Amino acid sequence: MIISWNTTNQCNMYCDHCYRESGKKASEELNTKQGKTLIEEIKKAGFKIMIFSGGEPFLRNDIFELLIHAKRLGLRPVLGTNGTLIDLNTAKELKNIGVMGVGISLDSLNEEKHDNLRKFPGAWKKAIEGMENCKSIDLPFQTHTTVMGWNNHEVEKLTDFSLEIGAKAHHFFFLVPTGRAKNIEQESLRAREYDQVLTKIMKKQKDVDIELKPTCAPQFMRIAKELGLKPRYSRGCLAGISYCIIGPSGQVQPCAYLDRDLGNVKDTPFSEIWKENKILKELRTMDYTGGCGSCSFKRICGGCRARSAYYNNGDFMSEEPWCLSQRRKGY
């Protein structure tokens with residue numbers, strides 16, 4: 001089981017695709033005491049891996065204290081970051097704490113395109129410096145790429161680059177129109193291209209030793225099976241089943257891209273929300289409608305619930321619109 005906490009809405013960037021619409025600090029963000037209580041509740045709920053992200057998590061002045069707390073409780077703390085604030089001293093401190101790994105965003109091998117997406121001159125170079133600082137002290141890191149229409153042709157080359165620079169994995173986040181990403185919905189891949197890119201990634205997995213993991217593209221499980229691959233994952237979409245996310249001010253959602261308010265940890269203990277929430281219980285039934293409901297890969301795929309909701313008037317149990325196996329027309 002894995003969980004994310006957007007520790008702050010503060011960010012030194014203003015990315016076009018940001019689901020959290022990060023930039024400025026959100027009102028009433030969880031303080032240190034509330035954050036530690038949340039971490040304790042996450043442990044109580046049975047989660048193992050905890051992702052500290054943002055915004056940009058390094059803009060929280062207590063981020064190391066929170067990481068230490070998670071580690072002491074037996075959780076496996078990891079970080080999701082744009083990488084620009086990881087100098088050598090920061091990397092050393094993360095390793096001393098026992099952070100298990102760092103995910104650093106890299107959306108293109110073209111510096112200008114990466115920087116333009118993130119509205120931050122020098123973002124590409126600083127991200128690479130962050131990776132190199134992690135590598136220099138053997139702190140495990142992986143690259144994170146948001147896959148869109150303009151960069152999908154780069155996925156294999158980005159994997160090669162990730163391998164060369166020493167990343168332990170390359171994870172692909174397929175664009176879902178949430179937050180500011182609604183403004184670039186046209187960059188979302190449609191069914192045929194979506195399937196083709198996933199197939200390229202899974203075929204690439206046969207040639208490289210590092211893990212390649214698509215996110216918000218659960219059909220990769222079907223494609224992996226068809227190609228004879230055996231990923232260490234048992235399911236594509238984990239939203240509400242073995243994954244959820246907590247926002248900067250304590251609001252809980254099934255995943256980053258499925259905007260359903262499940263309650264706030266300031267009002268209700270997280271372990272209670274995770275166990276009792278009606279929306280989470282509905283997601284766990286897997287009683288999908290349409291093509292996803294009748295699909296033979298339902299148990300290992302599940303369709304992207306967030307994409308289903310966006311393209312089906314909020315119905316998160318409806319069928320995934322960009323699945324080629326459903327042979328949908330008009331997309």
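Note that the structure is a prediction, hence the values are computed from the model and not measured.
- Looking only at atom types and distance, the side chain of Tyr233 has a donor-acceptor partner in the side chain of Glu211 under 3.5 Å away.
- A donor-acceptor pair shorter than 3.5 Å cannot be found between the side chains of Asp259 and Thr178.
- No donor-acceptor distance shorter than 3.5 angstrom exists from the side chain of Asn6 to the backbone of Gly247, with no hydrogens or angles considered.
- A side-chain donor-acceptor contact under 3.5 Å links Glu41 to the backbone of Ser271.
- With a 6.0 Å radius and a threshold of 12 heavy atoms from other residues, nucleotides or ligands, Lys95 has its NZ atom above the threshold.
- Contacts of Ile49 classified as side chain to side chain contact (heavy atoms under 4.5 Å, CB included), with partners at least two apart in sequence or in another chain: Ile2, Arg76, Val78.
- A donor-acceptor distance shorter than 3.5 angstrom exists from the side chain of Asn31 to the backbone of Gln34, with no hydrogens or angles considered.
- Judged purely by atom type and a 3.5 angstrom limit, Asn151 has no side-chain atom pairing as donor or acceptor with the backbone of Glu154.
- Remark: Lys225 is not positioned above the aromatic ring of Phe297, lacking an NZ or CZ atom under 6.0 angstrom from the ring centre and at most 45 degrees off the axis.
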In sequence, state the C-alpha distance, the side-chain angles, and the governing distance for Gln251 and Ile246, and then conclude on side-chain contact (heavy atoms from CB on, under 4.5 Å). CA-CA 6 Å; Gln251 66 277 20; Ile246 298 101; over 6 Å; no
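- Pro231 and Met221 make their closest contact through CG-SD, 4.2 Å (heavy atoms, listed as atom of the first residue, atom of the second, distance).
- Residues Glu187 and Trp150 approach most closely at OE1-N, 3.1 Å, considering heavy atoms.
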Quick one, Arg118 with Asp16, criterion salt bridge (charged side-chain N to carboxylate O under 4.0 Å, His left out). Give me CA distance, side-chain angles, the key distance, then yes/no. CA-CA 6 Å; Arg118 296 182 171 274; Asp16 287 338; over 6 Å; no
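- Ring to ring, Phe172 and His170 are close: their centroids are under 6.0 angstrom apart.
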Run Lys204 and Asp160 through salt bridge (charged side-chain N to carboxylate O under 4.0 Å, His left out) and show every step you take. CA-CA 10 Å; Lys204 186 72 172 177; Asp160 290 336; 2.8 Å; yes
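- Ion pairing between Arg222 and Asp195 holds under the 4.0 Å rule for side-chain N and carboxylate O.
- Applying salt bridge (Lys or Arg N to Asp or Glu O under 4.0 Å) to Glu185 and the options Arg307, Arg180, Arg190 leaves one that passes, Arg190.
- Formation of a donor-acceptor pair under 3.5 Å by the Asp107 side chain with backbone atoms of Thr146 is found in this model.
- Between Trp274 and Phe270, the ring-plane angle classifies as parallel under the 30° and 60° cut-offs.
- By the 6.0 Å contact criterion, CZ on Arg72 is open, its count of non-hydrogen atoms from other residues, nucleotides or ligands being 12 or less.
- Counting only distance, with no hydrogens or angles, the side chain of Glu319 and the backbone of Gly291 share a donor-acceptor pair below 3.5 Å.
- Ion pairing of Glu129 with Lys126 is present here, as a side-chain N (NZ or NE/NH1/NH2) and a carboxylate O approach within less than 4.0 Å.
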Go through Asn82 and Phe58 one step at a time and tell me if the side-chain contact (heavy atoms from CB on, under 4.5 Å) criterion holds. CA-CA 10 Å; Asn82 59 45; Phe58 290 112; over 6 Å; no
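- No side-chain donor-acceptor contact under 3.5 Å links Asn9 to the backbone of Gly55.
- A distance-only check finds no donor-acceptor pair linking the side chain of Thr145 to the backbone of Val147 [under 3.5 Å].
- Taking the ring centre of Tyr257 as origin, the terminal cationic atom of Arg305 falls outside the region bounded by 6.0 Å and 45° from the ring axis.
- Note: Tyr311 and Trp322 meet the aromatic proximity criterion, with ring centroids under 6.0 Å apart.
- In this structure a side-chain-to-backbone donor-acceptor pair under 3.5 Å is missing from Asn312 to Gly314.
- Using cut-offs of 30° and 60° for the angle between ring planes, the Phe161 and Trp124 rings count as tilted.
- The residues Lys24 and Glu29 are annotated as not salt-bridged, no charged nitrogen and carboxylate oxygen being separated by less than 4.0 angstrom.
- Looking at residues two or more places apart in sequence or on another chain, you find a ring pair (Phe, Tyr, Trp, His ring centres under 6.0 Å) between His171 and His144.
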